[in-house]
2 protein chains.
Amino acid sequence: MSPTNNATRRRRPTIHDVAREAGVSRGTVSRVLNGGRHVSPAAAEAVNAAIRRTGYVVNRHARSLITGRSGSVAFLLTEPQERFFEDPNLGVLLRGCTQALAAHDIPLLLMIAGSGAEQRRITRYVSAGHVDGVLLVSSRTGDPMAETLVRAGLPVVMCGRPVGRATGLAHVAADDRGGARQMVRHLLHTGRRRVATVTGPLDTPGGVERLAGYREVLAEAGLPADEDLVETGDYSHDGAAAATARLLARRPDLDALFVASDLMARGALAALERAGRRVPHDVAVGGFDDSTAAVASRPGLTTVRQPWDRISSEMVRVLLARMAGEDTSAVILPTELVRRESA
Amino acid sequence: MSPTNNATRRRRPTIHDVAREAGVSRGTVSRVLNGGRHVSPAAAEAVNAAIRRTGYVVNRHARSLITGRSGSVAFLLTEPQERFFEDPNLGVLLRGCTQALAAHDIPLLLMIAGSGAEQRRITRYVSAGHVDGVLLVSSRTGDPMAETLVRAGLPVVMCGRPVGRATGLAHVAADDRGGARQMVRHLLHTGRRRVATVTGPLDTPGGVERLAGYREVLAEAGLPADEDLVETGDYSHDGAAAATARLLARRPDLDALFVASDLMARGALAALERAGRRVPHDVAVGGFDDSTAAVASRPGLTTVRQPWDRISSEMVRVLLARMAGEDTSAVILPTELVRRESA
DNA sequence: CTGAAAGCGCTTACAG
DNA sequence: CTGAAAGCGCTTACAG
């Protein structure tokens, strides 16, 4: 049938071969494999030697069948597909999670739930016990999958603070509000007083929290709340350019602009250039993310770094803890202001 | 032990429950599950109804244990980690493969082999039969994993033409040479005669093939081969900027530049701007990829589109064919010239 | 077309 | 500490 699959490959050694080779029972081999409790040093030694000689590798399917655990974890993305093109953080996150799991010898299943049909298919698959836990990435609120998975009894850890229904979902996030505060405070320190903002979508944690941080700092500085200085963006380059143009139309005197992502900040820079504003001379611009877009930007973008490498490793740590029955909940990680030319 | 894992979840129905419910034997249920050969319509009907009533979902571990197939596929990346940051095509490819496999209900395991230790770990895992096939992405030549996996009897499909030892490895690739030919021909059509190029690394197919296309077209046009017009880049923004500066130093009169990737073309544009050259007036610039970088670039980048969505679907199609024992080999897909302002 | 039975490779109480 | 045995949930010849 499948020449490459079966005929070619020779039979792999089983636990039985190892037991015979080591002169012990299969039970003893299994005990060595699973931590070596209740095994004499001599027996353990003999088994390990036999494993080396035979090249034995455990058959995970057999193990899973009896333990009821799959030994794998899902990285579930419930995003409109464009994010994969646009958001470089996603790649960093995915890589970080893959490698953190690899250190525990746990494979990562990548699942992308765009359409409703895909969501149902994945829910079925995951609920059937094919993975032991889920790393969930979905910026939008009201994502029905989070609740579904939790109700199915699956350990779930989200990336980012869940907006909307406060399910007490475990999550790992950067301190969005604190990061926004750092940036706006910096803009005020450079002497700006008419600080506008282009927010993220207000059904995303980044949208809500960064706007909140912006408002807090302005209020603390005794500056009036002015809704003319606030525009909502959609995390896209062009959307932010349009939002910036609207801000300039309403408030031609604005002297600083806090944009809730680097990609959007690039759009804002383009709009400012078209409007003849010099950056940072006329308008100081601050972004968020410290993505490659921030470095490549001209002028270089002053921005807020999110600790993506730590976010991924913490997500894995929390998920493994939950899979072991512990009840860790939220982890919030600090951000860092990165100064370049734009502000 | 694990409250979220076991206690909470109730026992899932097995094939035995379905058989009892349908009033048939477990063998018959299994036959219905596996295509319904040798099953009477009445029995199939009863089984399907019972599956619906019980909410039965097959236990893949049990199935795998007996069939010897895992029902999953690996997406294996053997890249220096930066590519995940820099190359947006990778995300598109990964998403495309995930979804093409999902249509066949085949989960994708993401594996990233950076270090040698990781390569060995993954080789062991994969060779142990934990996946049925491998989608391999590694632009560098001489990747030892490809050969190792093939020798282990695993169906493998590479993304991009394998450079170096011609193992007759199955692969899917864009027509790099043809794409380069389209671009250089276009530059000549606009009246340019001193066409320089920044290549990709010459141990990558994109580096080798796009350079070959460039040379072919110049030769066909009767232009002299001039090695002063050729610089090797490293697929990075800054590397390409430096390469462009070297070209300008050697050949200040160059009037066109073919850059082997959009990201590098951005670097080239920056270098040209620093040197006071206007694009396209003084120097026409062409990129490769049609990535988001091409759209965001100012001026908009004329480039060559690679059909990434088709590449991913073809990779999956060829891999599934190989897993079924068929012997498909290479698929080369056509590229398309995308005209914007830079050339 | 269908049932009874063997067996995939492992883990885990249960005795000793 | 260790072995013998049961059993996880399926698939697949083998008879009928």
Checklist outcome for this item: One should read off an interatomic distance between A:M158 CE and A:T78 OG1, to the nearest 0.5 angstrom, of 7.0 Å
Next on the checklist: Output the rounded distance in Å from CD (B:E45) to C1' (C:dC1).
Outcome noted: 17 Å
Next on the checklist: Regarding D:dG3, can its base be found pairing with the side chain of A:R31 as donor and acceptor, where the two atoms are less than 3.5 Å apart?
Outcome noted: yes
Next on the checklist: Counting only side-chain heavy atoms from C-beta out, which of C:dC10, D:dT12, C:dG3 sits nearest to B:S25?
Outcome noted: C:dG3
Item to check | Rounded distance (Å) that lies between atom C1' of D:dG9 and atom NE2 of A:H130 | outcome: 12 Å
Next on the checklist: Measure CG/B:N34 against C1'/D:dT11 and give the value in whole Å, please.
Outcome noted: 7 Å
Checklist entry - Given that both distances must come in under 3.5 Å, which nucleotide forms a Watson-Crick or G-U wobble pair with C:dA15? => result D:dT2
Next on the checklist: Side chain of B:N59, heavy atoms from C-beta onward: which of C:dC1, D:dT11, D:dG9 has the nearest atom to it?
Outcome noted: D:dG9
Checklist entry - Separation of B:H16 atom NE2 from C:dA5 atom P, in whole Å? => result 13 Å
Next on the checklist: Using heavy-atom distances to pick each residue's nearest nucleotide on DNA chain C, tell me which of A:G27 and B:L65 is more 5'.
Outcome noted: B:L65
Item to check | Rounded distance (Å) that lies between atom C1' of C:dT12 and atom CG of A:L33 | outcome: 14 Å
Checklist entry - Across the strands shown, which category fits A:T28 at heavy-atom distances under 4.0 angstrom: base, sugar-phosphate, nothing? => result sugar-phosphate
Checklist entry - Reckon A:S40 touches a base, only the sugar-phosphate, or nothing at all at heavy-atom distances under 4.0 Å? => result sugar-phosphate
Item to check | Rounded distance in Å - CD1 (B:I66) to C1' (C:dC8) | outcome: 5 Å
Checklist entry - Do the charged groups of B:R26 and B:D17 touch, with an N to O distance under 4.0 Å? => result no
Checklist outcome for this item: Per atom distances to the B:T67 side chain, the nearest of D:dT11, C:dC1, C:dC10 is D:dT11
Checklist entry - Parallel under 30°, tilted from 30 to 60°, perpendicular over 60°: which one fits the rings of A:H130 and B:H61? => result perpendicular
Checklist entry - So what does B:R26 hit on the nucleic acid, given a heavy-atom distance under 4.0 Å: a base, only sugar-phosphate, or nothing? => result base
Checklist entry - With respect to the phosphate group of D:dT11, does any side-chain polar atom (N or O) of B:S30 fall under 4.0 Å of OP1 or OP2? => result yes
Checklist entry - Rounded to whole angstrom units, what separation is found between the CZ atom of A:R69 and the P atom of C:dT11? => result 10 Å
Checklist entry - Looking only at atom types and distance, does a side-chain atom of A:D132 sit under 3.5 Å from a main-chain N or O of A:V73, one as donor and one as acceptor? => result no
Checklist entry - Can you tell me how far P of D:dC10 sits from CZ of B:R60, to the nearest Å? => result 12 Å
Checklist entry - Is the shortest distance from a Lys or Arg side-chain nitrogen in A:E118 or A:R121 to a carboxylate oxygen in the other one below 4.0 Å? => result no
